[in-house]
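If you're wondering where the values come from, they're calculated on a predicted model, not measured in any experiment.
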Amino acid sequence: MTEPRFTVETAKVLAEVAHNRQKDKLKRPYREHVLAVGDALADFDEDIQIAGYLHDIAEDTPITRQALLDMGVSERALAIIERVTRRFHDDPDDYDAGIRYVAEDHDATLVKIADNAHNSLPERVQALAEKWPDKPPVTRYADARPVLYSAVPREEIQQILERINPYLLAELDENVPE
């Protein structure tokens, strides 16, 4: 008898459960973010989609690498998750170095583009600016995009942005030639 395979649908359920009680900076359910990132990767293979749904699991929950392996998450999906998880970087506080590290891997870059795009939705950026008027809106996401965009084919970026943040398509057109 073969063991059940860890599927995209399983990843989606795990992401919902693992992040169920968490809130983002705007006090919105955090699971909405991880589900949006996973959904944005629907045009890519299962491992990339699974990594999208689980991209914050190692950062924000007590679920371990071994637990994910025991559940049947593939080594490839785990490698993507680990690459996009800041606490596994050489210097977790150096955001720019982390982005360059992510951009060394095609699959991790796709997940990070989806994550970045969701965090850059206009209503989210505006709400953060209104909540903290003394702090300028975060620009690190905008600064990261050229590095991420240069690491993968334009068509793949476009597929992700069309699903998660079409507002960034104009920026893509301005900065990444067809």
Side-chain angles (χ1 to χ4, degrees), residues 2-24 28-89 98-121 123-124 141 144-145 147-169 171-172 176:
T2 61
E3 290 194 27
R5 204 168 58 82
F6 193 91
T7 64
V8 171
E9 206 47 51
T10 309
K12 199 171 188 175
V13 171
L14 178 57
E16 282 190 82
V17 172
H19 297 285
N20 186 42
R21 294 186 171 197
Q22 297 174 347
K23 303 282 185 195
D24 67 11
R28 296 177 182 156
Y30 195 73
R31 69 180 177 275
E32 293 174 5
H33 169 71
V34 294
L35 294 177
V37 171
D39 290 348
L41 298 163
D43 296 313
F44 301 92
D45 69 47
E46 270 198 349
D47 284 333
I48 293 171
Q49 291 177 59
I50 288 168
Y53 287 116
L54 303 181
H55 78 279
D56 278 338
I57 206 148
E59 191 113 4
D60 298 333
T61 77
I63 296 174
T64 64
R65 179 184 213 287
Q66 189 58 52
L68 292 171
L69 277 173
D70 292 346
M71 287 181 224
V73 176
S74 74
E75 285 284 352
R76 179 172 168 240
L78 277 169
I80 298 167
I81 294 164
E82 289 174 341
R83 187 169 282 263
V84 299
T85 301
R86 284 177 50 189
R87 72 180 178 93
F88 294 136
H89 296 177
I99 292 297
R100 289 189 300 275
Y101 175 67
V102 168
E104 292 171 5
D105 181 86
H106 172 269
D107 300 342
T109 302
L110 296 176
V111 172
K112 195 64 182 174
I113 287 169
D115 179 43
N116 178 300
H118 189 259
N119 284 326
S120 301
L121 284 166
E123 61 269 21
R124 181 172 171 74
Y141 297 126
R145 285 193 289 273
V147 176
L148 296 170
Y149 290 0
S150 68
V152 295
R154 184 188 195 285
E155 303 78 44
E156 294 178 347
I157 302 163
Q158 187 170 338
Q159 287 176 302
I160 294 168
L161 296 182
E162 285 172 352
R163 288 186 178 274
I164 196 166
N165 188 344
Y167 300 100
L168 291 177
L169 288 169
E171 177 185 295
L172 178 67
V176 181

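Residue L41 comes nearest to G52 through the heavy atom pair CD1-CA, 3.6 Å, listed as atom of the first residue, atom of the second, then distance. Here the closest heavy-atom approach between residue E16 and residue L35 is recorded as CG-CD1, 3.5 Å. Nearest heavy-atom pair across H106 and E156 is NE2-OE1, 2.6 Å. Closest of all the heavy-atom pairs between I80 and A108 is CG2-CA, 3.8 Å.
The CG atom of L54 sits 12.5 Å away from the NZ atom of K12 when rounded to the nearest 0.5 Å. Note: T85 OG1 to D56 CG = 7.0 Å, rounded to the nearest 0.5 Å. The CZ atom of R83 sits 13.0 Å away from atom CZ of F88, with the distance rounded to the nearest 0.5 Å. The CD1 atom of I63 sits 3.5 Å away from atom CD1 of I57, with the distance rounded to the nearest 0.5 Å. Atom CD1 of I164 and atom CG of L121 lie 6.5 Å apart (nearest 0.5 Å). Atom NE2 of H19 sits about 6.0 Å away from atom OG1 of T61, to the nearest 0.5 Å.
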Side chain to side chain contact (heavy atoms under 4.5 Å, CB included) evaluation trace for Q158 with L169
CA-CA 7 Å; Q158 187 170 338; L169 288 169; 3.9 Å; yes
Evaluate R65 against E75 for salt bridge (Lys or Arg N to Asp or Glu O under 4.0 Å), listing each step before the verdict.
CA-CA 10 Å; R65 179 184 213 287; E75 285 284 352; 3.0 Å; yes
In sequence, state the C-alpha distance, the side-chain angles, and the governing distance for V34 and V37, and then conclude on side chain to side chain contact (heavy atoms under 4.5 Å, CB included).
CA-CA 5 Å; V34 294; V37 171; 5.7 Å; no
Run the side chain to side chain contact (heavy atoms under 4.5 Å, CB included) check on L14 and Y53 step by step: do they pass?
CA-CA 8 Å; L14 178 57; Y53 287 116; over 6 Å; no
Evaluate side chain to side chain contact (heavy atoms under 4.5 Å, CB included) for M71 paired with T10, printing each intermediate quantity in order.
CA-CA 10 Å; M71 287 181 224; T10 309; over 6 Å; no
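Side-chain contact between I160 and F44: present, with at least one pair of heavy atoms (C-beta onward) separated by less than 4.5 Å. Under the 4.5 Å side-chain criterion, counting only non-hydrogen atoms from C-beta, D24 is in contact with R124. Residues D45 and R76 are in side-chain contact: their nearest non-hydrogen atoms beyond the backbone lie under 4.5 Å apart.
Of the listed residues (V152, I48, V102), just one forms a side-chain contact (heavy atoms from CB on, under 4.5 Å) with D107, and that residue is I48.
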Return all side-chain donor-acceptor pairs below 3.5 angstrom for residues 110-117, not counting sequence neighbours, or 'none' if the list is empty.
unit_1, atom_1, unit_2, atom_2, d
K112, NZ, D115, OD2, 3.1
D115, OD1, H33, NE2, 2.8
D115, OD1, H55, NE2, 3.3
D115, OD1, N119, ND2, 3.3
N116, OD1, S120, OG, 3.4
N116, OD1, R145, NH1, 3.0
N116, ND2, Y141, O, 2.9

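In the model, Q159 has no side-chain atom that pairs as donor or acceptor with a side-chain atom of E155 under 3.5 Å.
E46 pairs by the salt bridge (Lys or Arg N to Asp or Glu O under 4.0 Å) definition with R5, not counting sequence neighbours.
Relative ring orientation between Y101 and H89 is described as perpendicular, the plane-to-plane angle rising above 60° on a 0-90° scale split at 30° and 60°.
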